[in-house]
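Each ligand, and each atom within it, is numbered from 1 in the order the structure gives.
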Amino acid sequence: MKLSLVIPCYNEEENVLLIHDRIESLFLDFCEYEMIFINDGSNDKTLENLKKIAKSSKCHVKIIDFSRNFGKEAAIYAGLKEAKGEFVSLIDADMQQDPKYVLDMVSFLLDNPYYDSVAMYQEKRKEGRVLTFFKKTFYKLINKISDTKFTENASDFRTFRRSMVDSILQMQEYYRFSKGIFSWIGFHTYYMPYRVLKRATGSTKWSFRKLFKYALDGIISFTTAPLRIATYTGLISSFGSIIYIFVVIVQKLAFGIDVPGYATVITLILFLGGIQLFALGIIGEYIGRTYIEVKKRPIYIAREIISNEE
Ligand code: UDP
Ligand code: MG
């Protein structure tokens with residue numbers, strides 16, 4: 001049996017050394033395995049240290065050096081593509097996800113042929129209240145409007161069987177929202193709890209703005225429901241306006257009341273103008289992404305692929 005560990009790295013110069021040593025010490029007698037590091041356009045010494053690792057390591061090490069920063073999703077895709085293992089695990093480079101859990105995941109899959117993958121989830125989130133609130137709201141919203149199911153708190157820390165990896169690679173979209181892709185392709189996933197550790201060194205690459213954009217990508221990639229907002233609000237406001245026209249005519253003919261104009265007109269113009277721009281914006285988001293997708297640009301570009309295997 002062969003296991004591949006896919007490790008995306010963006011400015012993790014010290015962590016790559018730590019995680020390599022940790023994996024090497026844990027997996028020594030476990031099985032045949034390879035580590036695939038993706039250097040996602042780091043501007044520190046990550047690549048230098050990875051090359052050192054490849055030279056001195058006792059196990060198989062492969063480095064995919066990206067030509068620039070393409071993002072973690074692209075790094076995951078590249079890693080899965082290069083992985084040769086019968087089992088493939090995704091793991092962060094920052095030591096927040098202890099590699100010892102990989103052994104649990106693989107053992108579980110060996111014992112339970114019914115399952116095709118194991119996903120780790122955090123029992124307790126150690127995040128601020130505001131972020132937890134937004135994440136909860138996001139999962140509620142996307143599960144309501146999308147047919148694809150999203151499991152809250154499930155992480156990218158996962159292990160797949162080969163068949164599932166091949167299916168993930170068939171999803172060739174440019175805007176990759178992994179959690180959606182993993183769920184969309186189906187298969188049987190088992191959820192296992194784990195404890196997240198503190199980042200060993202360096203800092204997180206996610207700001208609130210980036211997370212918000214990522215959430216938007218997720219929604220737009222996995223449902224077209226927002227496009228219906230325009231249809232529904234259009235229907236409702238048309239229906240409302242028919243009633244209102246009727247009221248105005250009756251007021252004028254039966255009671256001779258002149259409609260006091262300014263306030264009504266200005267409110268309606270602003271309200272409808274706002275809704276129209278909002279709906280246009282939503283359509284624009286979808287068209288923009290369609291534009292990028294039809295160009296069929298590669299998901300990542302590798303400067304170099306280095307391997308210490310003969
Ligand atoms: N990462 C990456 N490219 C990016 C951002 C992050 O390859 O553009 C990697 C990063 O090096 C780490 C993993 O993705 O190994 C998770 O990133 P991070 O720890 O910043 O995310 P968090 O754990 O805070 O969600
Ligand atoms: Mg992290």
Side-chain angles (χ1 to χ4, degrees), residues 4-23 35-50 53 61-83 88-99 101-102 119-128 130-132 134-136 138-139 150-159 174-179 181-182 194-215 217-218 299-303 305:
S4 305
L5 292 145
V6 170
I7 313 164
C9 316
Y10 177 46
N11 294 342
E12 309 276 10
E13 53 185 5
E14 280 158 50
N15 293 331
V16 289
L17 300 170
L18 295 174
I19 196 158
H20 168 267
D21 293 350
R22 174 93 180 126
I23 291 174
M35 291 186 222
I36 301 173
F37 291 96
I38 301 94
N39 176 37
D40 187 10
S42 305
N43 36 40
D44 62 358
K45 292 207 178 99
T46 303
L47 181 64
E48 217 180 298
N49 289 350
L50 285 175
I53 291 173
V61 173
K62 198 176 235 184
I63 306 164
I64 308 170
D65 182 28
F66 279 6
S67 59
R68 63 169 169 86
N69 178 258
F70 281 90
K72 187 185 175 186
E73 296 289 344
I76 289 178
Y77 177 81
L80 292 179
K81 211 169 141 189
E82 290 295 328
V88 182
S89 297
L90 304 178
I91 182 164
D92 285 355
D94 58 3
M95 299 292 279
Q96 284 194 283
Q97 306 168 337
D98 193 332
Y101 292 112
V102 174
M120 290 297 201
Y121 72 92
Q122 305 179 40
E123 275 183 307
K124 271 195 204 124
R125 275 203 173 274
K126 283 189 208 139
E127 284 167 344
V130 182
L131 199 57
T132 310
F134 275 107
K135 285 195 175 171
K136 270 206 150 68
F138 167 75
Y139 281 107
F150 292 80
T151 312
E152 210 179 318
N153 291 345
S155 64
D156 285 344
F157 188 20
R158 292 168 190 244
T159 300
Y174 185 82
Y175 285 97
R176 302 186 73 76
F177 190 74
S178 282
K179 277 188 193 121
I181 292 177
F182 300 155
Y194 84 116
R195 274 171 65 112
V196 182
L197 305 174
K198 277 223 173 75
R199 215 172 208 289
T201 66
S203 57
T204 174
K205 315 297 182 293
W206 290 99
S207 59
F208 185 77
R209 196 178 62 89
K210 268 194 179 170
L211 273 177
F212 188 81
K213 212 182 139 271
Y214 186 60
D217 281 345
I299 296 165
Y300 69 93
I301 290 175
R303 244 183 98 245
I305 296 181

Exercise. Have a look at ligand 1 and work out which part of D40, if any, has a heavy atom under 4.0 Å from it: side chain, backbone, both or neither.
Key: side chain
Quiz item: Quick one: CZ on R199 to OG1 on T204, what's the gap to the nearest 0.5 Å?
Solution: 6.0 Å
Exercise. Write out the residue and atom name of the closest protein heavy atom to atom 23 (O) of ligand 1, then the distance separating them to 0.1 Å.
Key: Q96 OE1, 2.7 Å
Quiz item: Angle subtended at the Mg ion (ligand 2) by OD2 of D94 and OE1 of Q96, to 10 degrees?
Solution: 100°
Quiz item: Between D94 and N15, is any side-chain donor less than 3.5 angstrom from a side-chain acceptor?
Solution: no
Quiz prompt | Candidate with minimal heavy-atom separation from atom 10 (C) of ligand 1, of K72, K210, E12 | solution = E12
Quiz item: Do I19 and F37 have side chains that get closer than 4.5 Å, going by heavy atoms?
Solution: yes
Self-check item: Close-contact set for ligand 1 against D92 heavy atoms, below 4.0 Å
Solution: 13 (C), 15 (O), 16 (C), 23 (O)
Exercise. Just jot down the ligand 1 atoms closer than 4.0 angstrom to any heavy atom of R199, in number order.
Key: 18 (P), 19 (O), 20 (O)
Quiz prompt | E12 side chain to T46 side chain, donor-acceptor N/O pair below 3.5 angstrom | solution = no
Self-check item: Proximal ligand 1 atoms for P8, defined as those under 4.0 Å from one of its heavy atoms
Solution: 7 (O), 9 (C), 10 (C), 11 (O), 12 (C), 15 (O)
Quiz item: Going by distance only, is there an N or O of A93 that falls short of 3.5 Å from an N or O of ligand 1?
Solution: yes
Quiz item: Starting from atom 8 (O) of ligand 1, which protein heavy atom do you reach first, and at what distance in Å?
Solution: N69 ND2, 3.2 Å
Practice problem: Flag the pair D40 / P8 as yes when at least one side-chain heavy-atom distance between them is below 4.5 Å, and no otherwise. | Solution: no
Quiz prompt | Heavy-atom check, side chain of M120 versus side chain of Q97, under 4.5 Å | solution = no
Quiz item: For S203, is at least one N or O under 3.5 Å away from an N or O on ligand 1?
Solution: no
Quiz item: Which residue supplies the protein heavy atom nearest to atom 19 (O) of ligand 1, what is that atom called, and how far is it?
Solution: D94 OD2, 2.6 Å
Quiz item: Any side-chain heavy atom of V102 sitting closer than 4.5 Å to one from F157?
Solution: yes
Quiz item: Taking all non-hydrogen atoms of both residues, which atom of A302 and which atom of I64 are closest, and how far apart?
Solution: CB-CG2, 4.0 Å
Quiz item: In the protein, which heavy atom is nearest to atom 24 (O) of ligand 1, and how far is it?
Solution: T204 OG1, 2.6 Å
Quiz item: So do the side chains of K72 and Y214 get within less than 4.5 Å of each other, counting heavy atoms only?
Solution: no
Quiz item: Atoms of ligand 1 less than 4.0 Å from C9 heavy atoms?
Solution: 7 (O), 11 (O)
Exercise. Looking only at protein heavy atoms, identify the closest one to atom 20 (O) of ligand 1 and say how far it is in Å.
Key: K205 N, 2.7 Å
Practice problem: Looking only at protein heavy atoms, identify the closest one to atom 21 (O) of ligand 1 and say how far it is in Å. | Solution: W206 CD1, 3.2 Å
